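Below is one structure; the comments refer to it alone.
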Amino acid sequence: METVLTTHFADERYRFIDTYRGFGGYEALRKAISMPRDAIVEEVRKANLRGRGGAGFPAGVKWGFLPKDMSRPRVLVVNADEGEPGTFKDRRIMSRAPHLLVEGLAIACYALTIHKAYIYIRGEFVREAGILDEAVSEAYASGFLGKDILGSGFDLDVTVHRGAGAYICGEETSTLNSLEGKRGWPRLKPPFPATIGAFGLPTIVNNVETLSDVPWIITHGGERFAALGCEKNGGTRLVGVSGPVQRPGIYELPADVNLRHVIYDVAGGLRDGKKLKAVIPGGSSTPVLRADEIDVNFDIESMAKLGTMAGTSGVIVIPEGTCMVRALRVLMNFYAHESCGQCTPCREGTGWLRKVVGRIEAGEGRPRDIELILDLCDNMMGRTICALADAAAMPAQSFLWKFREEFDRHIRDRKCPYGNRF
Amino acid sequence: MSVAFSDAGRKEFERLLARYPEKEAVILPALHLVQKEFGYVSDEAIVYIAGLLSVAPAQIEGVATFYTMYNRKPVGKYHVQVCRNLSCSLMGAEHLIGHLSRKLGIEPGETTPDGKFTLSEVECLGSCGTAPVMQVNDEYHENLTEESIDAVLDGLP
């Protein structure tokens, strides 16, 4: 299969500019600045590139939301706040191929006439932030960033900005507030970031993987990129597989790869002869699938038909023998911890989900608790500024729908049949 | 007790100020710098940063307490943070947290009496494919086992 991103990941020196250039790096930027700006945007549109941060919004369309009026400077913010449990692909790009991201963002900025870009990276990624800083410095020194890039008269300044430990800062308006030095509270939309974003300026927020696809698109053309994927999602996707499989890791795969194939062939199936119990397909927020539901294509539309999401394509593999109540309790702890507290349904709802799921797992569940959880979810979904409430409610609902018997049994027997452990 | 950046810290702070169109944007990087220089974000450090940026201390405190990485209390020389989220749990994180607790003689959230180690449970560190994982100060340690944890901690001066 043709790869867009990972072709040279095995080369330890690929993260340095000399090696990157040796493989043709920054030639896409050179080509881009010889093209009309609209033609670059058109290639990305033709590429059918959908945002890789989880929501899957078409990147070319998003770029088109910037106001035509050029009187206010525009900003690009790279969302490198990778924090969705089960997701670890952007970290891989940044540590193995930081110049793919730098080149991609430079092309995007040129196409959209943006002179200032921020890479907002999660605070824990100290090593990756250092690698990015170094890559950015190398790019400045080689004339790919800074003043008068490659003699084009185009200037671009890039700043790497570290977050400080808050999952919510991956939500794009929260990213902007955090970048501005505020608490990471999501903003009401509209106005959308394209009109009023970072520092009050028109802003595009794109995921690391999304931008890293751009150099290949410019080099090989949007149509060829589109052809690598499926009808509604062009290109490849970095799929992360975690949990007790033979070969956990990041794999670059076609957007419509079969999910069973990912788990059993690509990742080698489960360890120690274990059987599959459940799969969380696209990061912890996406509704869980039973083992008998995974013979399906892993693209955005097929997943939606199944009532779940491809999300960040972070596949969490759950083996037989796992207590699903305990697994849900882990997730509910997470969302209660990460709710920013701004909206009441989310702040209170995630807290109550943690409490009620926790007491069921502890053998103290009450007969009405299942109903209570579903009622809580109903009062959270779609009633808040951002999607964190939905992100907590979706796993809660789906765990109950798909593994109801386990919850009932905990409540009926007043204990965890798995002995309160993983 | 009053605090002030070292000369190098002050220089870094000035460099940061020049990177952003608004001074408030320096709050997060400045708090990282505070933690690097003083080990934690004390009340005095909050007042100090507020003074440098001419904003209310409450604004800095509001930010400092929102983000989990800023320690508002002193931590040990080594801050051992173990991921407890799902992928790590499926790979034995609970068991390893128990091992760390017994080895260091403290519960999560506590610091050893000699001030060498603080043990914390944290949410997803974004390293799910190499679970279980812990972060000791800035450094990640992946694919953990009891043996590898012992090797890492026993090797720290």
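Fair warning: this is a prediction, and the values are worked out from it, not measured in the lab. Below, chains carry the letters A, B, ... as their sequence lines are ordered, and counting in each starts from 1.
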Determine the option with the most heavy-atom pairs under 4.5 angstrom with chain A, choosing from [options].
| options | value |
| --- | --- |
| Ile27(B), Leu28(B), Val122(B) | Leu28(B) |
| Leu125(B), Leu31(B), Ile60(B), Val26(B) | Leu125(B) |
| Arg19(B), Gln35(B), His95(B), Glu24(B) | Arg19(B) |
| Gly92(B), Ala25(B), Cys83(B), Ala64(B) | Ala25(B) |
| Ala131(B), Ala93(B), Pro21(B) | Pro21(B) |

Could you tell me whether the side chain of [Y] reaches within less than 4.5 Å of the side chain of [X], counting heavy atoms only?
| X | Y | result |
| --- | --- | --- |
| Cys128(B) | Ile316(A) | no |
| Ile318(A) | Leu86(B) | yes |
| Met91(B) | Arg271(A) | yes |

Heavy-atom pair count under 4.5 Å with chain B, highest-scoring of [options]:
| options | answer |
| --- | --- |
| His337(A), Arg122(A), Arg127(A) | Arg122(A) |
| Ala164(A), Gly181(A), Gly165(A) | Ala164(A) |
| Ala327(A), Gly184(A), Gly83(A), Ala166(A) | Gly184(A) |
| Asp157(A), Thr159(A), Asp90(A) | Thr159(A) |
| Val126(A), Leu331(A), Val241(A) | Val126(A) |
| Glu124(A), Arg421(A), Glu180(A) | Glu124(A) |

Approximate separation, where rounding is to 0.5 Å, of Asn85(B) CG and Glu84(A) CD:
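Going from the CG atom of Asn85(B) to the CD atom of Glu84(A) covers 9.5 Å.
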Give me the atom names and distance for the closest heavy-atom approach of [X] to [Y].
| X | Y | answer |
| --- | --- | --- |
| Val160(A) | Tyr20(B) | O-OH, 4.4 Å |
| Gly86(A) | Ser87(B) | CA-OG, 4.1 Å |
| Lys182(A) | Tyr67(B) | O-OH, 2.6 Å |

Which residues pass the ring pair (Phe, Tyr, Trp, His ring centres under 6.0 Å) test with His79(B), sequence neighbours left out?
->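 With sequence neighbours excluded, His79(B) shows a ring pair (Phe, Tyr, Trp, His ring centres under 6.0 Å) to no residue whatsoever.
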Contacting region of [X] [heavy-atom separation from chain B under 4.5 Å]:
| X | answer |
| --- | --- |
| Lys89(A) | neither |
| Leu201(A) | neither |
| Tyr167(A) | neither |
| Val317(A) | backbone |
| Ile250(A) | neither |
| Cys169(A) | side chain |
| Arg326(A) | side chain |
| Val158(A) | backbone |

Sidechain-backbone polar pair: His32(B) side chain, Gly163(A) backbone, donor-acceptor under 3.5 Å: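 It does hold such a pair.
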Counting neighbours of NZ on Lys11(B) that are heavy atoms of other residues, nucleotides or ligands and sit closer than 6.0 Å, is the number greater than 12?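 Open: at most 12 neighbouring heavy atoms sit under 6.0 Å from NZ of Lys11(B).
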| task | Using a cut-off of 6.0 Å, state whether more than 12 heavy atoms not belonging to Asp154(B) lie near its atom CG. | result |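 Atom CG in Asp154(B) is crowded, with more than 12 foreign heavy atoms closer than 6.0 Å.
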Notebook entry, point to check: Should the ring pair Phe125(A) and Tyr140(B) be called parallel, tilted or perpendicular, given that the plane angle runs from 0 to 90° and is split at 30 and 60?
Noted result: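 The arrangement is tilted - the two ring planes meet at 30° to 60°.
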Check your understanding: Under the side chain to side chain contact (heavy atoms under 4.5 Å, CB included) criterion, do Cys124(B) and Phe88(A) qualify, and how do the steps go?
Key -> CA-CA 10 Å; Cys124(B) 186; Phe88(A) 49 102; over 6 Å; no
Do NZ/NE/NH1/NH2 and the carboxylate oxygens of Glu142(B) and Arg91(A) come within less than 4.0 Å?
->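 Looking at Arg91(A) together with Glu142(B), the answer is yes, because their closest N to O distance falls below 4.0 Å.
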